[in-house]
Participant: 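Have a look at this one before I ask anything.
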Amino acid sequence: MSKIRTRFAPSPTGKMHVGNLRTALYEYLIARHEDGTFVLRIEDTDQERFVPEALDIIYKTMELTGLTHDEGPDKDGGYGPYVQSERMKTGVYLEYAKQLVEKGEAYYCFCTKERLDSLRASDKTDDGKEIAKYDKHCLQLSSEEVEEKLAAGVPYVIRQNNPTTGTTVFHDAIYGDISVENEELDDMILIKTDGYPTYNFANVVDDHMMEITHVVRGNEYLSSAPKYNRLYEAFGWDVPEYVHCPVITDENHKKLSKRCGHSSVEDLLEQGFLPEAIINFVALLGWSPSDDREIFSLRELEEVFDYHHISKSPAVFDITKAKWMNGEYIKAMDMDRYLEYALPVIKKTVTRDCDLTKIAELVKTRIEVFPDITEKIDFFDKLPEYDTAMYTHKKMKTNSENSLEVLKDMLPRLEAQEDYSVAGLEALCKEYIAEKELKNGRVLWPLRTAVSGKQMTPGGAYEIMEILGKEESLSRIRKGIAMLEEAVEK
RNA sequence: GGCUCCAUGGUCAAGCGGUUAAGACAUCGCCCUUUCACGGCGGUAACACGGGUUCAAAUCCCGUUGGAGUCACCA
């Protein structure tokens, strides 16, 4: 069997969609799993929608996620050029299209936009949707008429000439055999008026020329697949293995659109997702391994990925589970790399002179996504306004009265204490707790509350006080005492 | 609307004729703990419906319903 060759063929029109990323990932994995070749091809045949920055995004995203290609515009593997606009200059597409014209599998069409529009208008459904199929009007033209128009410079396109009877059957690795009546097949345009090939045509020609063995793409191409199949047959080329992946949808089960915020890879990165978590999550959307595992590195995926296990039904992009998975990656991250991500976020919220690394460590197991940090640590910077009701906690058996008592007792001891390390503070508090025969919570709850002003905090009283330091800790405790005195009097 | 595809809990999903119908996220409860989180334990929750085929159907077939995709000189 010949070596597997897959290709990722994005069109540079904007941000990278998670659907695109997953397609790229599966293409990459299919190739890597079999020690095949993964090629990157840029499909820029639409000059209208072309946006140059999109190229950067594609390269950056692939590099970041580790989907490295073996061949592409920047890595010649002998099948170049790898950019369609450059391939066009070689004249291949027109040449192949003409070949089809000679075979009677395609024909010149001179119909104007106006005629096409009226054709559609005359054939509307109840809800106003156009169901136009080209009427093969220009197929009637004699070769003399065609030559004449061509010579006169009349703008033209070249259309595929599909049969009107019989059926076309093609095979997909995921969906099995699919058959469509030829009568349904529209004579799609192969070469546009501007001389560029359409995606449909360029795709088939390039896949053949680049010897792509597995054509992986989104399910939205399933309905045009028979037309591609006809093209292969018309040329007499071998049909590749089709792998159509189910669509990824939003929470309303609609195809992900670029507008829904969390649907582009860039957006996700901005929201604090790690590239490897995105890859892992997206891999499991529409595919599952043979066991229960859920956490996979890219290398591990390469090992176990079998595209025959791709599912048929669409998958909802569940941001909640994606966050959970990201949290798992954060917990497993080694500290140095974690700090690279966490510290910048912390610096933005905590301006006080204190050990930011300690704060970062405290919060590592408590976040799912980096921006979560901000809300959890803001109290380090500034003691928030809080209500003395917070001193009351049923389980800790604390209330305003006994909290006031504890804090007043502790204040002189804390003032005398020089060692504000976790260990030092713990020793001090444990001594007091033992002396008064109290439950830990009776002492630690009021302390933590006074020092943080929050119901819940990363770390306990010791950790927080260590980071805040003696002076700030004492000032916050004094404030707590003052607040409690006022509240108790009432 | 035509065509094509799909159908297991709220979500991702295992399952390929015989299972107490896995697992994960979410949710709820308990334990651990100075709070929260982490971690541990447990609970709630699914085969869309109707017909066949079969000794036996979530699994095969046919309908119905529901959903999605697609119908461009966009990819």
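Per chain, numbering begins at 1; letters A, B, ... match sequence-line order. All values reported here derive from a predicted model rather than from experimental measurement.
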Participant: Looking across every strand, which nucleic acid part, if any, lies under 4.0 Å from A/Lys331 by heavy atom: base, sugar-phosphate, or nothing?
Facilitator: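 Sugar-phosphate contact only - A/Lys331 comes under 4.0 Å of backbone atoms but never of a base.
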Participant: Name the pairs: protein N/O against N/O of nucleotides 21-28 of chain B, kept only if under 3.5 Å.
Facilitator:
{"unit_1": "B/A24", "atom_1": "O4'", "unit_2": "A/Glu294", "atom_2": "OE1", "d": "3.3"}
{"unit_1": "B/A24", "atom_1": "O2'", "unit_2": "A/Glu294", "atom_2": "OE1", "d": "2.3"}
{"unit_1": "B/A24", "atom_1": "O2'", "unit_2": "A/Lys321", "atom_2": "NZ", "d": "3.2"}
{"unit_1": "B/A24", "atom_1": "N3", "unit_2": "A/Lys321", "atom_2": "NZ", "d": "3.0"}

Participant: More 5' along RNA chain B: A/Ser311 or A/Tyr156, using each one's nearest nucleotide?
Facilitator: A/Ser311
Participant: Listed by chain and number, what are the ring pair (Phe, Tyr, Trp, His ring centres under 6.0 Å) partners of A/Tyr341, not counting sequence neighbours?
Facilitator: A/Phe370
Participant: Less than 4.5 Å apart, side chain to side chain, heavy atoms only: is that true for A/Tyr82 and A/Ile42?
Facilitator: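 Contact flag for A/Tyr82/A/Ile42 side chains = no.
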Participant: For A/Asp372, check side chain to side chain contact (heavy atoms under 4.5 Å, CB included) against everything at least two apart and list the hits.
Facilitator: A/Ile367, A/Glu368, A/Val369
Participant: Using the P atom as the reference point in each nucleotide, state the distance between B/U33 and B/A21 in Å, no decimals.
Facilitator: 38 Å
Participant: Near RNA chain B, which residues from residues 172-182 of chain A have a heavy atom under 4.0 Å away?
Facilitator: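 Residues of residues 172-182 of chain A under 4.0 Å from RNA chain B: A/Tyr175, A/Ile178, A/Ser179.
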Participant: With sequence neighbours excluded, tell me which residues meet ring pair (Phe, Tyr, Trp, His ring centres under 6.0 Å) with A/Trp324.
Facilitator: none
Participant: Have A/Tyr199 and A/Asp46 got a donor and an acceptor in their side chains that come within less than 3.5 Å?
Facilitator: no
Participant: With sequence neighbours left out, write down each residue that passes side chain to side chain contact (heavy atoms under 4.5 Å, CB included) with A/Ala427, or none if nothing qualifies.
Facilitator: none
Participant: Which part of the nucleic acid does A/Val157 contact within heavy-atom distance under 4.0 Å: base, sugar-phosphate only, or nothing?
Facilitator: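 Result for A/Val157 = base.
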Participant: Do A/His137 and A/Asp135 have a side chain donor and acceptor closer than 3.5 Å?
Facilitator: no
Participant: Can you find a side chain N or O atom of A/Lys192 that sits less than 4.0 Å from OP1 or OP2 on B/C74?
Facilitator: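 A/Lys192 to B/C74 OP1/OP2: side-chain N or O found under 4.0 Å.
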Participant: Give a yes or no on whether a salt bridge exists between A/Glu435 and A/Arg413, defined as a side-chain N under 4.0 angstrom from a carboxylate O.
Facilitator: yes
Participant: B/U54 pairs with which nucleotide, Watson-Crick or G-U wobble, both distances below 3.5 Å?
Facilitator: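 Per the H-bond distance test, none.
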Participant: Report, one pair per line, the protein and nucleotides 33-37 of chain B atoms (nitrogen or oxygen only) whose separation is under 3.5 Å.
Facilitator:
{"unit_1": "B/U33", "atom_1": "O4", "unit_2": "A/Lys395", "atom_2": "NZ", "d": "2.6"}
{"unit_1": "B/U34", "atom_1": "OP1", "unit_2": "A/Asn440", "atom_2": "ND2", "d": "3.1"}
{"unit_1": "B/U35", "atom_1": "O2'", "unit_2": "A/Gln455", "atom_2": "O", "d": "3.4"}
{"unit_1": "B/U35", "atom_1": "O2", "unit_2": "A/Arg448", "atom_2": "NH2", "d": "3.4"}
{"unit_1": "B/U35", "atom_1": "O2", "unit_2": "A/Thr457", "atom_2": "N", "d": "3.0"}
{"unit_1": "B/U35", "atom_1": "N3", "unit_2": "A/Thr457", "atom_2": "O", "d": "3.0"}
{"unit_1": "B/U35", "atom_1": "O4", "unit_2": "A/Gly459", "atom_2": "O", "d": "2.9"}
{"unit_1": "B/C36", "atom_1": "O2", "unit_2": "A/Arg366", "atom_2": "NH1", "d": "2.6"}
{"unit_1": "B/C36", "atom_1": "N3", "unit_2": "A/Arg366", "atom_2": "NH1", "d": "2.4"}
{"unit_1": "B/A37", "atom_1": "O2'", "unit_2": "A/Thr365", "atom_2": "O", "d": "3.2"}

Participant: Taking all atoms of both residues into account, what is the closest heavy-atom pair of A/Leu474 and A/Leu414, and its distance?
Facilitator: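 Shortest heavy-atom contact: CD2-CB, 3.7 Å.
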Participant: For A/Glu294, give me all partners under salt bridge (Lys or Arg N to Asp or Glu O under 4.0 Å), at least two apart in sequence or on another chain.
Facilitator: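 Only A/Lys321 meet the salt bridge (Lys or Arg N to Asp or Glu O under 4.0 Å) criterion with A/Glu294.
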Participant: Give a yes-or-no answer on whether the side chains of A/Tyr391 and A/Tyr386 include a donor-acceptor pair shorter than 3.5 Å.
Facilitator: yes
Participant: Please tabulate the protein-to-nucleotide N/O contacts below 3.5 Å involving nucleotides 57-61 of chain B, giving atom names and distances.
Facilitator:
none

Participant: Kindly write out the residues that satisfy side chain to side chain contact (heavy atoms under 4.5 Å, CB included) with A/Asp292, not counting sequence neighbours, or none if the list is empty.
Facilitator: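 A/Asp292: no side chain to side chain contact (heavy atoms under 4.5 Å, CB included) contacts found.
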Participant: P atom, B/U70 versus B/U54: distance in rounded Å?
Facilitator: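 So the two P atoms sit 42 Å from each other.
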Participant: For B/C28 versus B/G9, give the span between their C1' atoms, rounded off to a whole number of Å.
Facilitator: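 Between the two C1' atoms, the distance is 15 Å.
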Participant: Below 3.5 Å between N/O atoms, which protein atoms pair up with nucleotides 67-69 of chain B? Just atom names and distances, please.
Facilitator:
{"unit_1": "B/A68", "atom_1": "OP1", "unit_2": "A/Lys254", "atom_2": "NZ", "d": "2.3"}
{"unit_1": "B/G69", "atom_1": "OP1", "unit_2": "A/Lys255", "atom_2": "N", "d": "2.9"}

Participant: NA contact type, A/Cys109, heavy-atom cut-off 4.0 Å: base, sugar-phosphate, or nothing?
Facilitator: nothing
Participant: Please state the P separation for the pair B/G51 and B/A56 - nearest whole angstrom.
Facilitator: 15 Å
Participant: Tell me yes or no: between the side chains of A/Thr457 and A/Arg448, is some donor less than 3.5 Å from an acceptor?
Facilitator: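 On atom types as modelled, these side chains qualify, holding a pair under 3.5 Å.
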Participant: Under 3.5 Å, is there a donor-acceptor pair between the A/Asn161 and A/Lys136 side chains?
Facilitator: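 There is such a pair (donor and acceptor under 3.5 Å, judged by atom type) between the side chains of A/Asn161 and A/Lys136.
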Participant: Could you check which nucleotide pairs with B/U34 in any of the strands shown, counting Watson-Crick or G-U wobble with both distances under 3.5 Å?
Facilitator: none
Participant: What's the gap between B/C5 and B/U44 when it is taken at their P atoms, as a whole Å value?
Facilitator: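 Per the computed distance, 39 Å lies between those P atoms.
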Participant: Once side chain to side chain donor-acceptor pair (under 3.5 Å) is applied, do any residues pair with A/Tyr228, and if so which ones, sequence neighbours excluded?
Facilitator: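 By the side chain to side chain donor-acceptor pair (under 3.5 Å) rule, A/Tyr228 matches A/Asn200.
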